[in-house]
Amino acid sequence: MAGTNGKQKTVRDMVLSLGLVTLAGLVMYLFIPHDDDKEPNVPRVDYRVELLTARRAAAYPVAAPEGLPQSWKATSVRFDAQEHDTWHLGFHAPDGEYVTVKQSMDKRIPFIEDATQGAEETEATEEIGGRTWIRYTGGRYDALVLAEGDDVKGATTVVAGTGSFEQLATMAKALKTS
């Protein structure tokens with residue numbers, strides 16, 4: 001019988017420990033301040049130096065927005081001359097959605113697939129700034145892709161993200177090239 005009492009104590013101790021850990025977690029959740037609705041504080045980046053570098057180095061006129069309201073916050077920028085002169089500029093839109101501009105001299109279809117994260121081409125187009133943009137829809141991103149005849153000196157231009165087509169069009173309309 002002595003062995004049974006020891007096992008009962010061990011089980012009882014485990015149940016009590018589990019209860020104590022659960023209670024501690026509940027107390028921490030209730031009394032430590034947190035704001036689940038608050039968007040992450042993504043820092044604004046200054047992309048002017050990278051833009052000047054890209055415009056000097058790229059084999060095509062690099063596009064960047066001009067005249068967007070201050071509520072559009074640039075959050076990421078990259079230019080990679082080694083990877084087909086690939087240009088990337090990401091923005092946090094006013095409502096918290098993500099919108100990116102990507103350009104590259106890479107092969108058109110694989111670049112679009114990558115830039116849109118696998119979005120599918122639709123038959124819908126939009127005329128923005130005298131150019132034809134093709135709509136792509138996808139699970140994660142929707143996109144506007146500059147039609148092949150409107151490509152900038154062989155580069156493919158994609159405006160993509162979680163934002164609405166209206167936001168994507170706002171970005172596409174704001175794009176100016178060097």
Candidate pair Y47 and F91, rule side chain to side chain contact (heavy atoms under 4.5 Å, CB included), full reasoning: CA-CA 11 Å; Y47 60 90; F91 280 83; 3.9 Å; yes
E83/D106 under side chain to side chain contact (heavy atoms under 4.5 Å, CB included): CA gap, chis, key distance, verdict: CA-CA 8 Å; E83 284 295 319; D106 198 359; 5.7 Å; no
Derivation and outcome, side chain to side chain contact (heavy atoms under 4.5 Å, CB included), residues S76 and H88: CA-CA 8 Å; S76 59; H88 159 93; 2.7 Å; yes
Audit row: Y136, Y141, side chain to side chain contact (heavy atoms under 4.5 Å, CB included) steps and yes/no: CA-CA 8 Å; Y136 280 66; Y141 283 179; over 6 Å; no
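Taken from CG in D46 to CG in L51, the straight-line distance is 10.0 Å, to the nearest 0.5 Å. The distance from the CG atom of D114 to the CD1 atom of I112 is 11.0 Å, given to the nearest 0.5 Å.
A pairwise comparison of heavy atoms in A54 and V62 identifies O-CG2, 3.7 Å as the closest pair. The two residues L89 and P65 have their closest heavy-atom pair at CD2-CD, 3.7 Å. Heavy-atom minimum distance, W72 versus Q167: CH2-O, 3.7 Å. Residues R140 and Q117 approach most closely at CD-OE1, 3.0 Å, considering heavy atoms. Taking every heavy atom of both residues into account, A63 and R55 meet most closely at C-NH2, 4.4 Å. Between K102 and A115, the closest heavy-atom pair is CD-CB, 3.8 Å.
Just one residue in the list E120, E123, E126 forms a side-chain hydrogen bond (donor to acceptor under 3.5 Å, both in side chains) with R135, and that residue is E126. Results of the side-chain contact (heavy atoms from CB on, under 4.5 Å) test with L68 over T170, L175, V99 single out T170 as the only residue that passes. With respect to L168, the side-chain contact (heavy atoms from CB on, under 4.5 Å) criterion is satisfied by exactly one of V158, I128, V159: V159.
Counting only N and O atoms by type, the side chains of Q103 and T156 include no donor and acceptor under 3.5 Å apart.
Judged by distance alone, with hydrogens and angles left aside, the side-chain atoms of S104 form a donor-acceptor pair with the main-chain N or O of H84 at under 3.5 Å. Proximity of a side-chain donor or acceptor of T125 to a complementary backbone N or O of I134 within less than 3.5 Å is not detected. Checked by atom type and distance alone, the side chain of T162 pairs as donor or acceptor with a backbone atom of Y98 at under 3.5 Å.
Under a hydrophobic clustering in which Ile, Leu, Val, Met, Phe, Trp and Tyr are joined whenever their side-chain heavy atoms come within less than 4.5 Å, directly or via other members, M171 and V77 fall into the same cluster.
The number of heavy-atom neighbours closer than 6.0 Å to CZ of R48, taken from other residues, nucleotides and ligands shown, is 12 or below.
Residues V145 and R108 are in side-chain contact: their nearest non-hydrogen atoms beyond the backbone lie under 4.5 Å apart.
Using the six-membered ring where Trp is involved, F79 and W87 have ring planes that are tilted, between 30° and 60° apart.
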